[in-house]
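This report refers to the structure that appears directly beneath it.
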Amino acid sequence: MFKIQTLNNISRNGLDRLPANLYSVANEVAAPDAVLVRSADMHKAPIAASVKAIARAGAGTNNIPVAEMSARGVPVFNAPGANANAVKELVVAGMLLAARNIADALGFVRGLDASGDLHHKVEAEKKRFVGTELAGKTLGVVGLGAIGVKVANAAYALGMRVIGFDPHMTVDGAWQLSAEVAKAGSLAELFAASDYLTFHVPLNDKTRGAFGTQALELVRPGVVLLNFAREGIVDAAALRKGLADGRIGRYVSDFPEADLLGDARVISLPHLGASTGEAEENCALMVVDQLRDFLEHGNVRNSVNFPETRMARTGSARICIANSNRPNMIGQLSHVLGEAGVNIAQMHNASRGELAYSLIDVDSPVPDSLVAAIAAIDGILSVRVIGN
Ligand SMILES: NC(=O)c1ccc[n+]([C@@H]2O[C@H](COP(=O)([O-])OP(=O)(O)OC[C@H]3O[C@@H](n4cnc5c(N)ncnc54)[C@H](O)[C@@H]3O)[C@@H](O)[C@H]2O)c1
Ligand SMILES: O=C(O)CC[C@@H](O)C(=O)O
């Protein structure tokens with residue numbers, strides 16, 4: 001029986017794919033085998049030694065100590081692209097909210113006194129909410145991954161000029177991107193050309209503060225800045241300076257900040273990008289399937305720290321081993337197996353950066369002494385036996 005701990009609400013349809021005879025699922029679990037999480041901050045509490053995998057029902061994994069998990073030989077999975085459409089639609093809504101003063105106009109109508117001549121009040125005041133159109137404006141998209149590509153294509157379909165920047169764009173992403181989206185040679189070029197600027201990059205040491213004081217000097221006065229990626233992507237000081245001197249006309253964000261809550265130029269949403277029934281279900285189905293494949297067969301799909309590794313099962317048992325990616329690890333493994341008289345039926349090894357992962361199907365049961373001997377090899381991060 002595998003014990004799964006959920007740290008956030010996970011879509012029921014996803015959880016229903018965990019058969020009750022094999023899995024128990026709860027919020028509070030002693031010694032869980034795996035954790036299912038959305039946005040809960042896993043940096044804040046120690047992660048139990050029993051945890052063999054973490055599955056993020058979403059895209060960003062900055063709430064998970066991925067480097068620490070890699071050092072422990074624990075894969076972290078996510079659901080690439082599964083919520084991209086939901087975020088795209090909210091980004092389009094965000095551009096429209098900013099362009100047409102929709103939030104202010106709604107506030108005005110909600111505050112109207114229902115008595116008297118409503119029609120007159122509406123017609124007299126509507127000039128306060130005159131907006132602009134998106135068509136003909138330029139949108140700069142930083143990060144052309146699952147979300148950025150969809151946002152770029154949608155903006156083009158709305159009549160916007162679109163320019164994008166992503167030095168690591170995948171071939172799949174390029175296939176999906178409209179040929180009408182122009183490639184910016186640099187971030188500086190993109191900043192200078194954009195009326196609307198949107199970020200769709202992961203938060204990491206390279207992207208933290210990607211919109212900072214330098215960017216502020218380059219952008220068009222009154223630029224509409226959209227941040228549906230992560231709070232840290234936009235530098236706090238640069239944002240406040242830009243709002244104060246008018247360089248930033250509007251800031252539309254999925255991450256409310258305490259001191260900006262009352263600022264009429266700031267439109268904040270409560271981290272709603274992925275909050276649609278469809279996206280929550282897509283993410284849960286994807287990560288639950290990946291988690292099952294890992295726990296039951298050792299296979300790895302869509303991990304952010306492990307290499308893709310899949311092998312059909314043969315033999316009586318499977319040994320799953322994560323190790324430091326250095327010479328002679330396979331040699332030492334096969335030596336230890338040979339010493340124990342265990343024959344390798346088939347094996348698959350793959351590496352990613354500093355980590356390597358092997359699936360070894362064997363013809364006979366794996367004794368505890370062999371597991372201990374493997375674990376004792378210098379550089380082994382984790383060992384697990386399935387189907388013994
Ligand atoms: N608001 C929400 O609810 C919500 C929902 C989903 C994702 N997100 C955030 O959006 C981010 C992007 O999601 P995604 O699904 O598009 O991920 P993705 O991995 O498909 O795309 C990210 C893209 O950013 C690019 N990139 C990385 N560093 C870059 C840099 N320095 N400059 C330019 N491009 C760079 C990558 O090459 C990649 O193409 C996630 O990491 C997450 O933080 C937020
Ligand atoms: O789970 C959520 O609601 C947010 C997910 C989002 O931030 C992501 O990175 O996928």
Side-chain angles (χ1 to χ4, degrees), residues 6-11 14 36-42 55-64 66 76-94 140-154 163-177 181 183-191 197-212 214-215 226-234 252-256 267-284 286-287 302-305:
T6 52
L7 299 184
N8 296 101
N9 285 332
I10 305 292
S11 167
L36 270 169
V37 63
R38 282 173 59 180
S39 298
D41 188 353
M42 295 187 70
R56 200 306 190 199
T61 50
N62 58 301
N63 57 322
I64 301 166
V66 177
V76 176
F77 298 95
N78 73 348
N83 56 25
N85 191 63
V87 182
K88 171 203 81 182
E89 291 187 4
L90 203 61
V91 172
V92 170
V141 184
V142 182
L144 290 162
I147 299 170
V149 164
K150 285 188 185 299
V151 168
N153 291 349
I163 152 168
F165 179 80
D166 186 335
H168 319 289
M169 197 178 177
T170 63
V171 173
D172 274 354
W175 273 107
Q176 286 159 32
L177 187 66
V181 174
K183 181 183 168 199
S186 66
L187 268 182
E189 185 186 322
L190 180 137
F191 289 153
L197 190 50
T198 188
F199 286 83
H200 299 291
V201 293
L203 178 63
N204 54 43
D205 289 344
K206 290 191 180 130
T207 59
R208 191 178 301 280
F211 186 93
Q214 268 187 318
L226 300 118
N227 179 9
F228 286 78
R230 284 293 181 266
E231 185 175 343
I233 299 290
V234 172
V252 189
S253 145
D254 217 5
F255 313 99
I267 299 167
S268 300
L269 299 169
H271 197 182
L272 277 187
S275 291
T276 65
E278 295 90 335
E280 291 180 359
E281 183 173 326
N282 286 343
C283 289
M286 195 185 275
V287 291
N302 293 333
S303 167
V304 298
N305 60 341

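Order of appearance sets the numbers: ligands from 1, and atoms from 1 within every ligand. Throughout, residue positions are numbered sequentially from 1 according to the sequence presented.
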State the atoms of ligand 2, each with its element, that fall below the 4.0 Å cut-off from a heavy-atom position in [X].
{"X": "Gly60", "value": "8 (C), 9 (O), 10 (O)"}
{"X": "Asn83", "value": "8 (C), 10 (O)"}
{"X": "Gly58", "value": "10 (O)"}

Under a heavy-atom criterion of less than 4.0 Å, does [X] contact ligand 1?
{"X": "Gly173", "value": "no"}
{"X": "Leu203", "value": "no"}
{"X": "Ala229", "value": "yes"}
{"X": "His200", "value": "yes"}

Check your understanding: Among side-chain atoms of Asn85 and Glu89, is any donor-acceptor pair under 3.5 angstrom?
Key ->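 Note: Asn85 and Glu89 side chains meet the donor-acceptor criterion.
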Is a donor from one side chain sitting under 3.5 angstrom from an acceptor on the other, for Asn153 and Lys150?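 No - no donor-acceptor pair under 3.5 Å links their side chains.
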Phe77 meets the ring pair (Phe, Tyr, Trp, His ring centres under 6.0 Å) criterion, sequence neighbours left out, with Phe294
Option whose closest heavy atom lies nearest to atom 14 (P) of ligand 1, chosen from Val304, Ile147, Leu272:
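Comparing heavy atoms across Val304, Ile147, Leu272, the nearest one to atom 14 (P) of ligand 1 lies in Ile147.
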Inset, instruction - Tell me which one of Val141, Val201, Asp172 gets a heavy atom nearest to atom 34 (N) of ligand 1. - result: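 Looking at heavy atoms only, the winner is Val201.
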Which of the atoms in ligand 1, numbered in the order shown and given with their element, are less than 4.0 Å from a heavy-atom of [X]?
{"X": "Gly143", "result": "24 (O), 34 (N)"}
{"X": "Ala274", "result": "3 (O)"}
{"X": "Thr207", "result": "28 (N), 31 (N)"}
{"X": "Asp254", "result": "1 (N), 2 (C), 3 (O)"}

Query raised in the report: Aromatic ring centroids of His271 and Phe255 under 6.0 Å?
Result: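 They qualify: ring centres under 6.0 Å apart.
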* Would you please determine whether Ser39 falls within less than 4.0 Å of ligand 2 on a heavy-atom basis? => yes
Below 4.0 Å from ligand 2: does a non-hydrogen atom of Glu280 turn up there or not?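 No heavy atom of Glu280 comes that close to ligand 2.
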* What are the two closest heavy atoms between Val76 and Thr61, and how far apart are they? ->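 Heavy-atom minimum between the residues: CG1-CG2, 4.2 Å.
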Next on the checklist: Measuring only between side-chain heavy atoms, which start at C-beta, is Met169 closer than 4.5 Å to Leu177?
Outcome noted: yes
Taken to the nearest 0.5 Å, the spacing of Leu226 CG from Leu197 CG works out to 8.0 Å
| message | Pairs of nitrogen or oxygen atoms closer than 3.5 Å, one from Phe228 and one from ligand 1: do any exist? | response | yes
For this session: Write out all pairs satisfying salt bridge (charged side-chain N to carboxylate O under 4.0 Å, His left out) with one or both partners inside residues 163-176, taking only residues at least two apart or from two chains.
Result: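 Residue pairs with at least one partner in residues 163-176: there are none.
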Note: Ala146, heavy atoms under 4.0 Å from ligand 1, region reported as both
Any protein heavy atom nearer than 4.0 Å to atom 17 (O) of ligand 1 |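 Looking at atom 17 (O) of ligand 1, one finds that no protein heavy atom lies closer than 4.0 Å.
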